[in-house]
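Quick note: numbers below take in every heavy atom, side chains included, and nothing from hydrogens, waters or symmetry partners. Each chain gets a letter, A, B and so on, in the order its sequence line appears, and its residues count up from 1.
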2 protein chains.
Amino acid sequence: MSKRQVIKEKPIIKGKQVTSRGEEDYIKAIYKLSDEAEGERVTNHQLAVYFAHTAQTVNEMVRKLEKKEMLVYQPYKGSVLTTLGMEEAVRLIRAHRIWETFLTDKLGYAWEEVHEEAEMLEHLTSTKLADKLYAFLGAPEVCPHGNYIPALSDLKRDDLDTCGRLKLSKAKKGKQYCLKSVVDDKALLVYLNSLNIYIDLCFKIIERDLVSDIVTLTYDGRNTPLSGAVAQKLFVCEVYDAEDNA
Amino acid sequence: MSKRQVIKEKPIIKGKQVTSRGEEDYIKAIYKLSDEAEGERVTNHQLAVYFAHTAQTVNEMVRKLEKKEMLVYQPYKGSVLTTLGMEEAVRLIRAHRIWETFLTDKLGYAWEEVHEEAEMLEHLTSTKLADKLYAFLGAPEVCPHGNYIPALSDLKRDDLDTCGRLKLSKAKKGKQYCLKSVVDDKALLVYLNSLNIYIDLCFKIIERDLVSDIVTLTYDGRNTPLSGAVAQKLFVCEVYDAEDNA
DNA sequence: TCAATTCTTAAGGTTAACCATAAAAAGTTG
DNA sequence: CAACTTTTTATGGTTAACCTTAAGAATTGA
Ligand SMILES: [Mn+2]
Ligand SMILES: [Mn+2]
Ligand SMILES: [Mn+2]
Ligand SMILES: [Mn+2]
């Protein structure tokens, strides 16, 4: 009999639930994959590999997102996000990086621990929450891995990750660099911890062996060799050190 | 060809995903309903009303939770949480209240805005995250609505909400009280805002009309009448004010 | 005590998000 | 351009979390 207050649960985002978690993950993936190489379009095959989903599943998701006008799909060519899709992607990446920053800066998480948590939290983050968190963090420029935290209006992805930065694998012997960002890959981050390498570390390249594909850095008074695979995941900018110019 | 890193998405909680969002909501609901009146057991009907689900759905969920040993169900009698179920409930309530506190204390949300956000965030909150957040908040005793934030070991629910507190609807004329907690109901909270009533406000009851069921309080130098329905949702403790004793 | 009411549960449906199989369509290449 | 490969898509499954309908079981109370 007790006519208790009726509670409608599961408003997963805010009110109308426009995009599900799965859809959001696809949008983000397309955004990220769309300029990892240089090709504009992201093929279904790329998505299938990325998510370890079947071709059928990818096709279904892509078609669904197309219907929602988040992307334009051309069979045998791939998908391009619409402006709507880009906005969604940027909203998610912004939330992701804000959470990562919160977890490390405020709660003391290590940089290799935050990605998974952020991967979940980003999907429950209203614009209001993201903005309040961002302000609370003091409007940080970058996440713990050095990637820019975009504003909602920053749809140009070129600016986001590698803006003006150089892959360490393309850096030159004899010059000095400062580490600006790293790929958010747990194994890599743990490895970098073990070498005492972190964002804003400055070092000099003392060797580049093209045959063995190894770059050797100097910092903290010792030499550290890095494989090409690792060097490809680190982004640096050149440092013009006065004392070194002499 | 690009053999990209395979990413398994959707680890909704942490690793093994023992309880889904729906299951967690049921566990919490049983916990909450189990002493709203005084009866131990929570009937399927109560749950059906609470969630606006059908009897069939409730039955399925309850049976599923029974299989997972989160509760013991007796047909026609209702469900009681097992210790496992209680632990789960407390974990969720703890996370809920910690998030609410974070949102108000750190991000400046109003107390009527935090429940919905917390309702989602609680389901993605590992023990580690909850503990770190809690420490970051300075180990607060209560949420913005005055309810205790339990430790994971606090399974006794009596202590949680009304421990030593009195429903304002049962308070006595002429005495002084301090508001200690309120039911987390948006409409109520907004109403209290309009009256300048907040946690830790002290006031005196100058009138209790049993016929009209209205309590009249004095604070801020004015009299405010509250209906019985509202007074039932406010919990107070008596204040022994020296200056008033004379 | 037995009829009315309420509660439970069996049977079967829907949708979302995944899967497999296999045919059809497009692209690639010798 | 024909053979081969890759991509798409039609069909049809599965599971989880909801639903409806309706039958059967327990409780209640006159
Ligand atoms: Mn990340
Ligand atoms: Mn990052
Ligand atoms: Mn709440
Ligand atoms: Mn609360």
* **Charged tip of A/R165 within 45° of A/Y148 ring normal and under 6.0 Å** => yes
* Asked: Parallel, tilted or perpendicular for B/F102 and A/F136, by the 30°/60° rule?
  -> perpendicular
* In whole angstrom, what separates B/D25's CG from D/dA16's P? -> 18 Å
* Taking side-chain hydrogen bond (donor to acceptor under 3.5 Å, both in side chains) as the test, write out the residues that go with B/K132, two or more places apart. => none
* Structure fact -> Rounded to whole Å, OH of A/Y26 lies from C1' of C/dA16 at a distance of 13 Å
* To do: Between C/dC18, D/dC19, C/dT9, spot the one nearest the side chain of A/M61, thanks.
  => C/dC18
* Could you state the atom-to-atom distance from CD of B/E60 to C1' of C/dG12 in whole Å? => 11 Å
* Sequence-distant partners of B/T57, side-chain hydrogen bond (donor to acceptor under 3.5 Å, both in side chains), two or more places apart -> B/T54
* Where the side chain of B/N59 is defined as all heavy atoms beyond and including C-beta, which of C/dT8, D/dC19, D/dT8 is the nearest nucleotide? -> C/dT8
* Asked: Taking 4.0 angstrom as the limit, do A/E24 and A/R21 come out as a salt bridge?
  -> no
* Using a 4.0 Å heavy-atom cut-off across all strands, classify B/Y73 as base, sugar-phosphate, or nothing. => sugar-phosphate
* Asked: Does the pair B/E88 and B/R91 meet the rule for a salt bridge (charged side-chain N to carboxylate O under 4.0 Å, His left out), with working shown?
  -> CA-CA 5 Å; B/E88 195 64 3; B/R91 188 180 65 74; 2.8 Å; yes
* Within this structure, what is the CZ-to-P distance between A/R63 and D/dT7, rounded to whole angstrom? -> 15 Å
* Go along nucleotides 21-30 of chain D 5' to 3' and tag each nucleotide: B for a protein heavy atom under 4.0 Å from its base, S when only backbone or sugar atoms are that close, - otherwise. => ---BBS----
* Interatomic distance, A/Q74 CD vs C/dG27 C1' [rounded to whole Å] -> 14 Å
* **Atom-to-atom span, CG of B/L47 to P of C/dT6 - whole angstrom** => 18 Å
* To do: Send over the distance from A/H45 NE2 to D/dT5 C1', rounded to a whole Å.
  => 12 Å
* Passes salt bridge (charged side-chain N to carboxylate O under 4.0 Å, His left out), A/K68 versus A/E23? Steps please. -> CA-CA 10 Å; A/K68 295 198 178 184; A/E23 289 165 2; 3.0 Å; yes
* Asked: Roughly how many Å is it from CD in B/Q46 to P in C/dT6, rounded to a whole number?
  -> 16 Å
